[in-house]
Amino acid sequence: MAKSGKPTINDVARLANVSKKTVSRVINKSPLLSEKTREHVEKVIADIGFVPNLQARALALSRNFIIAAIHDNPNAQFLVNVQKGILEGIAGSEFGLMVQPVDRNSATIVSDIRAFLERHKPYGVVLLPPISEDDAIAKACADFGCGYVRMGSVKLDEEVHTVSSNDREAVRQAVTYLIEKGHRRIALIEGPVGFTSPRERRAGFEEAMQAAGLALDPELVRPGQYTFESGVEAGQSLIELEQPPTAIFASNDEMAIGAMIAARRSGMLIPEDVSIIGFDDTPLSSHVWPTLTTVHWPIVAMASTAARKLIAPEDKALAERWLLKSELVERASVVPPKQT
């Protein structure tokens with residue numbers, strides 16, 4: 001044991017009867033080891049209480065022990081959930097979290113991200129939608145030698161580099177639920193242009209309508225920006241129609257709650273006069289009244305999975321799921337339409 005009383009990497013190598021290089025590979029999660037050797041060395045490390053020097057490790061790897069979440073997303077709750085998930089994924093490890101905003105409309109976004117990687121040297125990055133959909137950004141990470149995982153509503157990359165949800169299928173289930181309740185005049189509040197999630201969610205909406213032999217009435221489609229304000233505006237314009245919808249599907253909870261407020265301001269009852277469904281299952285969806293029927297988007301679990309993929313040895317990263325399913329949560333904001 002070292003004179004300081006603190007175990008060293010040399011102590012681990014001696015007690016495990018392996019080379020110092022092998023210990024270093026275990027510490028740095030190198031895939032160039034058998035699972036048996038890895039477990040044996042990790043047990044010795046745990047038994048003697050060896051704590052690796054992070055600065056030395058970072059220097060050896062030319063990386064800092066940071067997972068960076070890179071985003072351009074206007075939804076604050078989304079970012080809170082992502083941070084919660086990543087922190088869950090790295091809990092108990094030596095890794096920390098950094099959140100880096102970027103401008104997806106910037107002509108220099110790829111070079112900006114490359115400069116960020118050069119400056120901070122993160123161990124890995126989680127690319128959040130919509131920038132996760134940009135292949136050039138993923139390539140910049142790969143060229144730099146930085147691990148990356150792309151989160152989205154569809155499979156964006158090889159399984160080790162992606163975590164996705166099944167938005168289209170989940171929305172199809174939600175709209176089918178409205179149809180089975182007897183609704184036929186169903187409105188859609190979409191998300192912002194340029195995101196894959198609104199396209200997937202609209203596709204699920206259309207598939208459910210088509211399967212029921214119903215046409216999507218263009219009069220019942222409104223644009224939105226994934227914000228409360230845009231939900232209020234869209235909801236108000238739908239309610240003011242000569243023949244308003246009996247049900248509204250909004251592409252996220254903030255817009256759905258905005259539509260609820262618009263309906264109430266107009267003297268309508270929810271769900272008696274209009275049923276409403278959202279998407280996300282944010283905490284607020286179960287706190288409003290009536291409680292909001294919504295699609296649970298497993299964003300926390302997705303972010304946690306993405307983080308584990310980045311910090312785990314390659315074999316364990318490959319074993320992590322790439323698809324996490326969204327599911328309908330039935331609450332109080334949907335009932336059958338009034339009989340006319």
Side-chain angles (χ1 to χ4, degrees), residues 63 66-75 78-90 95 97-106 109-117 120-170 191-201 203 226 252 279-280 297-314 316-326:
R63 293 287 184 274
I66 293 171
I67 300 301
I70 303 180
H71 76 93
D72 177 7
N73 195 299
N75 190 312
F78 172 80
L79 293 177
V80 168
N81 288 340
V82 166
Q83 291 177 65
K84 179 181 179 182
I86 293 177
L87 289 172
E88 286 180 1
I90 63 178
F95 289 90
L97 169 63
M98 173 182 288
V99 179
Q100 177 65 24
V102 295
D103 180 2
R104 66 188 173 99
N105 296 314
S106 171
I109 185 172
V110 176
S111 59
D112 290 345
I113 289 176
R114 191 179 294 113
F116 168 80
L117 298 177
H120 294 285
K121 295 182 171 55
Y123 188 88
V125 299
V126 179
L127 300 174
L128 307 182
I131 66 163
S132 58
E133 300 158 20
D134 190 329
D135 291 336
I137 293 175
K139 184 177 185 301
C141 294
D143 290 346
F144 185 73
C146 181
Y148 70 90
V149 174
R150 304 163 72 177
M151 287 175 52
S153 299
V154 295
K155 187 177 180 182
L156 296 167
D157 210 311
E158 296 175 358
E159 292 182 9
V160 73
H161 291 301
T162 189
V163 178
S164 72
S165 55
N166 60 330
D167 291 21
R168 183 183 300 206
E169 178 185 349
V193 174
F195 285 49
T196 295
S197 58
R199 292 196 297 270
E200 286 296 299
R201 293 170 194 181
Y226 280 169
N252 80 342
F279 192 110
D280 279 342
W297 192 25
I299 194 66
V300 174
M302 289 170 67
S304 181
T305 300
R308 290 196 301 273
K309 285 191 177 207
L310 288 170
I311 69 174
E314 186 176 3
K316 291 184 179 179
L318 285 168
E320 291 282 353
R321 293 179 297 165
W322 67 269
L323 176 63
L324 285 84
K325 291 191 174 183
S326 302

*If every non-hydrogen atom of Ile86 is compared with every non-hydrogen atom of Ala307, which pair is closest and at what distance?*
O-CB, 3.9 Å

*asked:* Is there a side-chain contact between Cys141 and Leu117 in this structure, where contact means two heavy atoms from C-beta onward sitting under 4.5 Å apart?
replied: yes

*Quick one: do the Glu200 and Ser153 side chains pair a donor with an acceptor below 3.5 Å?*
no

*Measure the spacing between CG of Asp112 and CG of Asp103 and express it to the nearest 0.5 Å.*
8.5 Å

*Do Lys139 and Asp143 have side chains that get closer than 4.5 Å, going by heavy atoms?*
yes

*Can you name the closest pair of heavy atoms from Leu324 and Ala301 and give their distance?*
CD2-CB, 3.5 Å

*Measure the CG-CG distance between Leu127 and Asp72 for me, rounded to the nearest 0.5 Å.*
12.5 Å

*With no hydrogens and no angle check, do the side chains of Thr162 and Asp157 hold a donor and an acceptor under 3.5 Å apart?*
no

*asked:* Suppose we screen for side chain to side chain contact (heavy atoms under 4.5 Å, CB included). Which residues come up paired with Asp135, at least two apart in sequence or across chains?
replied: Arg150

*Counting only N and O atoms by type, is there a donor-acceptor contact under 3.5 Å from the side chain of Ser304 to the main-chain atoms of Val300?*
no

*Contact check, side chains of His71 and Ile131, non-hydrogen atoms, under 4.5 Å*: no

*asked:* Do Ser165 and Met302 make a side-chain contact, defined as non-hydrogen atoms from C-beta onward lying under 4.5 Å apart?
replied: yes

*How far does CE of Met98 sit from CZ of Phe116, to the nearest 0.5 angstrom?*
5.0 Å

_Minimum heavy-atom distance Gly89-Ile311, with the two atoms named_ = O-CD1, 3.7 Å

_Atom pair CD1/OH of Ile67 and Tyr123 - distance to nearest 0.5 Å_ = 7.5 Å

_Check: Pro130 and Thr196 side chains under 4.5 Å, non-hydrogen atoms_ = no

*Can you measure from NZ (Lys84) to CD1 (Ile299) and round to the nearest 0.5 angstrom?*
12.5 Å

*Stepwise, does the side-chain contact (heavy atoms from CB on, under 4.5 Å) test hold for Leu128 with Val126?*
CA-CA 6 Å; Leu128 307 182; Val126 179; 3.6 Å; yes

_Is any side-chain heavy atom of Phe279 closer than 4.5 Å to one of Ser197?_
no

*Should Glu320 and Lys309 count as an ion pair when the cut-off is N to O under 4.0 Å?*
no

*How far does CG of Leu323 sit from NZ of Lys325, to the nearest 0.5 angstrom?*
6.5 Å

*Ile70 and Ile113, any side-chain heavy atoms less than 4.5 Å apart*: yes

*For Pro122 and Ala68, work out which heavy atoms get closest and say how close.*
CB-CB, 4.3 Å

*Under 4.5 Å between any side-chain heavy atoms of Val125 and Tyr148, yes or no?*
yes

*asked:* Students often mix this up, so state it plainly: with edges at 30° and 60°, are the rings of Tyr226 and Phe195 parallel, tilted or perpendicular?
replied: perpendicular

*Shortest non-hydrogen separation from Val149 to Val160 and the atoms involved*: CG2-O, 3.9 Å

*Mind telling me whether Trp297 and Phe78 have parallel, tilted or perpendicular rings, with 30° and 60° as the class edges?*
parallel

*Would you kindly say whether Ser111 and Arg114 are connected by a side-chain donor-acceptor distance under 3.5 Å?*
no

*Could you tell me which non-hydrogen atom of Gly147 sits nearest to which non-hydrogen atom of Leu310, and how far apart they are?*
C-CD2, 3.5 Å

*asked:* Check whether Ser132 reaches the backbone of Met151 with its side chain - one donor and one acceptor, N or O, closer than 3.5 Å.
replied: yes

_Chi angles and distances behind the side-chain contact (heavy atoms from CB on, under 4.5 Å) call for Asp167, Ser326_ = CA-CA 7 Å; Asp167 291 21; Ser326 302; 4.2 Å; yes

